[in-house]
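We name chains A, B, ... by the order of the sequence lines, and we start the count at 1 in each one.
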Amino acid sequence: MNDQYLKEKEDLYSTENSTTTALKRRSFLKYAGASMAVTALAVAGCSKDDNDFPGMDEGVYLGKGDIAILNYAYALEQLEAAFYTKVAETPYSGISELEKALLTDIRDHEIAHREFFKAALQTSAIPNLEVDFSSINFGSRDSVLATAKAFEDLGVSAYNGAGQLIEKGEYLLLAGKIVSVEARHAALVRDLIQNGSFAGSDVIDMNGLEKSLSPSKVLTAAAPFIKTKINARDLPTY
Amino acid sequence: MNLFEIIKNIEQVDAEIHERLNPRRAAIKALSSFGAKVTLAAIPLAMGGLFKKAYGQTIPQKIIDVLNFALTLEYLEAEFYTKGLAAGGLIPNATAQGAITVIKEHEDQHVAFLKTALGSAAVGKPTFDFTAGGAFSDVFTNYDTFLAVANAFEDTGVRAYKGQAGELMENDDILRYALNIHSVEARHASHIRQMRRARGGAAANLKPWITGANDTGVGAVDHVYAGEDNKVQAGADITSLNGIGGKLSVNAATEAFDEALSKEAVLQIAGLFIVN
């Protein structure tokens, strides 16, 4: 990154701070890499005119509007499906028959979600993402279930947070059909770790509401597990 | 969501916002004194009431209807678990009591939250009959019946919120709050299903997710699961898609997607438990 670029970045921030579009939906730029901290630049109404930043067009482009949201969901489902596929292939030591059956069910649900998005997006679908599971010990129950819990809780908060960004009612309904299944998974995985922790106060607030996370926050959380660079510059977020 | 940011944004278009909100500025103060029960997260909804006072505008009737519909279901669930916990000897051990208490508290919180949001537009609590006219006559004396009814209530709740999401699209905050309740109901459903599985008997093979249509072993709740066996999403037959070692199974296809239920269908189910 050169000085000119950093200068432009600063200008962007100051421009952003001085606008009165705080309540407006925003697109954002993201530079995601396996080992790179994610930088999310909020750019009000990011359009083609803004394309003169280095790195802007790099990575797998999610698209814009609802297509971007669907590709975003597709990316998360790819991540989950790849994880549970590996879990089922190489069961952790001491896995019970019931756990194996339930985790295999979850694998199939995530594959169903992934394949559904791929089919629904047709030519707009992003390619297969390369995942990075180097931080997970697939032989360890603790490691696998802790990762599963993180993915499922993240998935629920991702769909919860994306709902308001979806323009088309049909897609909102589909997201709704999927998110409750992710929540069922999350509750089960938590109970496998510690029975009774299905809806802990770390994910449910004092109003009995579950967390929502904006797409930019979710992609930041997922970034260490995704090798492929994702270009989310037109992905709606807030 | 930053309250002061919102006020600041409104100031841009309405310099007199503070006066409109309340000449003595007590309204803003009142917002911050709700106490622990209504935390920061509740403020945008509470703002609805505030804006109503300020501009003489109302929350659209369509949204009030959805919120009151949700409130009615939350009343039903909250009272059900309250009575179950109060019934001596019904819930057999401390672990189960702990889980039911967690769920009961969430339902109480949902009631409080929705009532705050609706303000004076909130409907009152109906009178309930949890035996559904005798169909579940031992609901508070037989633990398995209690769990079976809980199972039906939670799965109904999930379907009900899902069915109303589209009605809330014009209001981002309210939509998000509804979604944030929806997933909590799904977590409850998952756990209640696990509790039932652990009891064995008719529920010995029950999963945390819904397989096919009515998988609960309780014929009386068939209508709760009507349409849950759908395997086609947005025109794509899920069983035509590739899984591991072949196409995805019918079970996987139906489990992977929870289906919505119309308000009318939900009210029909809830109506079995409502006396007036």
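Contact of the A:Lys86 side chain with the A:Ile136 side chain is not registered, since no non-hydrogen atoms from C-beta on lie closer than 4.5 Å. Contact check for A:Tyr171 versus A:Ile69: no side-chain heavy atoms found under the 4.5 Å cut-off.
Of the two parts of B:Glu255, the backbone and the side chain both hold a non-hydrogen atom closer than 4.5 Å to a non-hydrogen atom of chain A. In this structure, no portion of B:Asn205 lies under 4.5 Å from any heavy atom of chain A. Contacts of A:Leu172 with chain B are made by side-chain atoms alone, with heavy-atom separations under 4.5 Å and no backbone atom involved. Interface remark: A:Leu102 contributes backbone and side-chain atoms alike to the contact with chain B (heavy atom separation under 4.5 Å). Only the side chain of B:Ala236 comes within less than 4.5 Å of a heavy atom of chain A; its backbone N, CA, C and O stay farther away. Within the 4.5 angstrom heavy-atom criterion, only side-chain atoms of A:Thr85, from C-beta onward, approach chain B. Using a 4.5 Å cut-off between heavy atoms, A:Glu170 contacts chain B through its side chain alone, with no backbone atom that close. Only the side chain of A:Ala119 comes within less than 4.5 Å of a heavy atom in chain B; its backbone stays farther off. Looking at A:Lys118, there are no atoms closer than 4.5 Å to chain B (heavy atoms on both sides), in backbone or side chain.
With A:Glu77 as the fixed residue, the side chain to side chain donor-acceptor pair (under 3.5 Å) test singles out one of A:His113, A:Arg114, A:His109: A:His113.
At a heavy-atom cut-off of under 4.5 Å, chain A is reached by B:Asp155, B:Val158, B:Lys162 from residues 152-162 of chain B, listed in order of number.
Taking the six-membered ring where the residue is Trp, B:His110 and B:His188 present parallel rings, their angle staying beneath 30° rather than reaching 60°. Below 30°, between 30° and 60°, or above 60°: for A:Phe117 and A:Tyr159 the angle between ring planes is below 30°, a parallel geometry.
B:Asn180 places no side-chain N or O within donor-acceptor distance of the main-chain N or O of A:Leu209, the cut-off being under 3.5 Å. Between the side chain of B:Arg187 and the main chain of A:Phe198, a donor-acceptor pair closer than 3.5 Å is present.
Between chain A and the options B:Thr239, B:Asn251, B:Leu175, the largest number of non-hydrogen pairs under 4.5 Å is found for B:Leu175. Interface check for chain B: of the options A:Asp108, A:Val179, A:Ile204, A:Ile178, the most heavy-atom pairs under 4.5 Å are formed by A:Ile204. In terms of non-hydrogen atom pairs under 4.5 Å with chain A, the most contact-rich of B:Thr95, B:Ile181, B:Ile210, B:Asp258 is B:Asp258.
Ring-centre distance between A:Phe83 and A:Phe225: not below the 6.0 Å cut-off.
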Might you work through the ring pair (Phe, Tyr, Trp, His ring centres under 6.0 Å) test for A:Phe116 and B:Phe257, ending with a clear yes or no? CA-CA 11 Å; A:Phe116 165 73; B:Phe257 296 83; 5.6 Å; yes
- Task: Any chance you could lay out the side-chain contact (heavy atoms from CB on, under 4.5 Å) test for B:Ile103 and B:Glu77, step after step, and finish with the verdict?
- Result: CA-CA 9 Å; B:Ile103 296 175; B:Glu77 291 181 311; over 6 Å; no
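A salt bridge does not link B:Lys263 with B:Glu167: none of the charged nitrogens is closer than 4.0 Å to a carboxylate oxygen.
How far NE2 of B:His191 is from CG of A:Asp191: 5.0 Å, rounded to the nearest 0.5 Å.
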